[in-house]
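Numbering of ligands and ligand atoms starts at 1, following listing order. This chain uses plain numbering: 1 for the first residue, then up along the sequence.
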Amino acid sequence: MAFIGLEANRLRNFPRESHRVRVTRRQRGRHLESTQMRTTAELREGFLSFFEEKDHLCRPSASVIPPADDPTTLFIVAGMQPMKRWFLGLEQAAAPRVTTVQKAVRAGGKQNDLDDVGLTNRHLCFMEMLGNFSFGDYFKDGAIDYAWEFITERMKLEPERLWASVFAGDPELGLGEDEVAIVSWERYLPRERIVGLPRSENFWQAADTGPCGPCSEIYYDLGEEHGCGKLTCGPGCDCERYLELWNLVFMEYDLAEDGALTPLPKQNIDTGMGLERAALVMQGVDTVFDTDTFKPLLAWVDERADQPYGSSPDMTKAYRVVVEHARTAAFLVVEGISPSNEGRGYVLRRLIRRAVQFGRRLGLEPPFLYELAAVVRGQMGSVYPELEERRSEVAELIRAEEERFRETLARGEKLFEEMVVKGEITPDDAFRLHDTYGFPWELTKELTAERGLEVNEEEFTRLMEEQRERSRQRSAFDVDIKISASAARTQFVGYERTDVLTAILGYADLGDGTFQAKLEQSPFYPEGGGQVSDAGYIENEGTGARADLIKATRLDHDDQVLTFSGDGFGEGMRVRAVVPWSVRFPTMANHTATHLLHKALRDLLGEHVKQAGSAVRPDKLRFDFTHPQALTAEERERLEHGVNEIVFQNRPVRAFVTPIEEARNLGAMMLFGEKYGDEVRVVEIDGYSRELCGGTHVRSTAEIGPFVILSESSVGSGARRIEAVTSGEAFALLHERSRETEQLRAELGEARKQSKRQPAKAERGEVAARSEEEIGGINVYVGRMSDVTMDVLLAESDRIKQERRPAAVVLGGSEDGRVHLVANFDRSLEGKVDAVAVIKAAAAEVGGGGGGRATMARAGGKDPAKLDAALERAEEALRAALA
Ligand code: ATP
Ligand code: MG
């Protein structure tokens with residue numbers, strides 16, 4: 001976790017959002033001819049201007065690092081993700097319709113396409129996702145209409161090659177197939193090219209509870225020659241024939257903890273189309289790697305490799321992995337990520353090392369990837385200026401990692417030579433090469449094969465498994481101590497100092513560019529007592545070598561061991577050890593604030609409040625406590641005020657060590673179930689609170705600055721969690737909030753002006769019932785809405801049908817002189833009454849026609865004056881069929 005702090009810190013220097021996709025105004029608003037939509041750049045631009053023409057607000061891509069309040073994925077994996085707060089209704093969307101091209105990374109974490117790169121025609125780690133979004137505005141019909149218009153009229157794809165998938169229904173959710181989507185698609189596609197897919201494929205939910213809904217995907221048939229030839233082959237098949245191009249998500253339900261679905265008051269649309277896949281189709285090539293984006297990258301490799309692109313499937317894969325990872329690595333470095341052994345840094349390290357390994361198969365010796373990353377900049381720097389701005393970081397970091405890996409490889413090869421002298425490579429050898437020296441298993445295998453030998457792979461895998469099991473069992477507190485036990489104890493000096501000159505007492509190389517060390521004196525706070533490990537570094541001022549602290553680990557008797565990434569260090573060396581103030585200070589502020597919060601909670605809610613856990617980091621604090629119910633808004637406010645009051649009183653903060661009995665007499669708060677020694681450290685906030693604590697604290701409360709609560713939530717039964725920020729983070733948050741308020745005020749003013757100009761449209765959901773009766777055990781509902789789109793009418797008919805199960809619903813409404821009619825029946829009515837017949841009878845009255853399926857049909861008409869007559873016809877038809 002320490003690393004996250006460091007990363008967040010570095011990030012502060014980077015723009016949070018990359019620059020808007022650069023497009024000149026002149027290009028905007030002008031229809032692009034299909035011939036102008038061949039290149040990736042034209043597609044990117046064509047997509048945005050198409051949706052701008054349809055009144056969408058074009059927004060820049062957000063960073064690929066998710067916002068702090070979204071820990072669900074390591075990277076942004078879809079266009080909707082940066083807008084989650086809008087989708088969840090936590091914040092007002094910037095506009096009802098939005099369009100973006102979002103940078104996305106699917107590598108590491110849950111959404112991981114890394115192993116598919118080079119194996120399939122369509123998977124990349126880094127991609128650009130084209131998206132259009134509706135917040136309570138258009139729904140299924142609108143989303144399908146726009147998607148269809150874009151792909152058939154702008155991209156000019158042959159309709160015969162297009163397929164759609166819809167949600168097939170799920171008994172556990174109590175949902176049937178998505179009939180609204182089916183009849184909507186039937187306006188464009190024959191029924192046999194609309195296929196149902198199960199919940200696993202075509203139902204979207206962000207979490208176990210909350211907004212969710214069915215999806216509908218658009219597939220492009222690449223042709224029989226790409227298929228598996230099976231009879232069952234179709235969209236959703238594992239083979240490469242049907243390319244998933246675009247996913248439309250219909251957010252329409254709220255999923256409760258007990259699994260019940262209720263329709264959302266406002267339905268949203270979220271769509272995503274991979275830009276590279278769209279380019280594949282437009283350029284008539286076989287894979288995303290053969291599109292214009294990757295051409296210069298492949299050509300660069302081709303010039304240097306000892307085998308041409310396409311010479312064999314293995315070589316082709318190697319080319320693709322190298323160019324893909326060079327691109328992804330460049331886009332990660334510009335976000336402030338550097339190679340490390342944790343989290344996003346680890347993904348970056350893995351990508352670079354994997355690219356180097358595949359490059360070597362082509363005869364490329366590292367460092368080479370950093371040069372290829374410069375070709376990426378040439379290709380995409382005009383759209384993503386961060387590639388230009390961070391060009392030197394990209395080159396330096398990638399190159400340094402390549403060199404580190406080259407050394408690892410060289411050392412591994414040397415060791416291998418020494419091991420192989422005995423005539424074999426045992427599984428133990430291979431394991432040691434991998435585990436201790438970071439030498440890749442595939443290379444051991446290759447080198448052994450070159451000598452006509454073989455390693456027992458099964459045994460090697462077993463050793464790897466054992467190792468994994470060991471690290472799973474290892475708790476957060478103990479690490480494998482590789483340093484000899486005789487190394488003396490470290491003196492922790494971090495309460496007083498953040499910068500010391502000291503010496504390395506013990507040293508052990510962990511391979512993989514990391515090492516473990518013990519210092520004579522250490523300013524680094526080791527993880528414990530809820531406070532995360534400090535971040536920082538050591539440096540040798542003579543040689544200039546520097547290593548970043550990955551983690552400080554607490555050992556018995558206040559001892560500690562440190563894990564670093566870097567090299568150029570060894571036992572006995574004198575070093576300078578530094579915790580940057582920008583890391584330590586906010587951590588101290590957050591820790592003291594946690595004590596204030598603890599005391600304020602007990603004062604406000606009562607003595608039953610017990611600390612149940614905490615996490616103190618540089619960027620925020622978290623405090624879990626026992627309390628049976630959620631805080632009211634008023635309690636929350638009083639709590640925030642209470643803490644800030646003590647902050648403004650600027651009370652001195654002191655720490656002292658005392659016998660445990662004495663601490664008890666002083667009434668210091670202790671954690672239940674925690675074991676304490678005879679002597680304990682007490683942190684006292686003058687005249688306010690005393691708590692046993694080993695953490696680092698500010699010297700007086702005013703240093704904390706503003707204290708702002710981010711959230712209050714449940715963590716299991718009887719426990720609550722508060723997250724809060726202080727000092728600089730709190731100020732940034734307050735500033736952001738006031739900016740948003742200003743913006744909302746401006747938008748509100750604008751909306752008021754507009755509403756004076758135009759008469760308001762009928763509010764959503766105002767259905768006037770014409771008749772509501774039970775006939776033969778069926779709830780028959782016929783109603784009308786004024787000034788309504790087909791989308792809303794469909795959604796309302798679904799809602800009414802679900803509320804009155806089993807129901808037969810017919811709704812009618814009009815919009816700008818056109819009539820819309822919907823018949824939406826419970827599935828059990830199939831065979832009893834035909835929705836198509838009912839809707840046709842009604843539509844005849846308003847001079848129109850329609851169609852659909854037995855339980856779901858829709859129609860249009862031209863004569864709004866006759867709407868009531870049409871609905872009467874529907875009533876008659878229903879009575880006749882059901883009575
Ligand atoms: P697939 O089944 O092909 O992996 P997916 O179901 O994971 O696709 P979604 O999560 O629905 O895809 O993402 C929306 C769109 O983003 C897809 O329709 C596709 O165009 C694009 N996309 C998804 N994953 C990738 C990837 N790894 N590389 C390039 N484009 C992708
Ligand atoms: Mg996928």
Margin query: Test: side-chain hydrogen bond (donor to acceptor under 3.5 Å, both in side chains). Region: residues 295-305. Which pairs qualify, not counting sequence neighbours?
Written below: D302-Y319
Check: Take atom CD in E192; do more than 12 heavy atoms of anything else shown fall under 6.0 Å from it?
Finding: yes
Notebook entry, point to check: Which parts of the protein, at residue level, reach under 4.0 Å of ligand 1 through a heavy atom?
Noted result: R106, D113, R122, H123, L124, M127, M129, E244, L245, W246, N247, G272, M273, G274, R277
Checklist line | With C228 via side chain to side chain contact (heavy atoms under 4.5 Å, CB included) - residues at least two apart | finding: K230, C233, C237, C239
Notebook entry, point to check: Should the heavy atoms of other residues, nucleotides or ligands under 6.0 Å from OH of Y309 be counted, would the total exceed 12?
Noted result: yes
Checklist line | All pairs passing ring-ring contact (aromatic ring centres under 6.0 Å, His included) where residues 206-247 contributes a residue, at least two apart | finding: F47-W246, W163-Y242
Item checked: Sub-6.0 Å ring centroid separation between F250 and F167 -> no
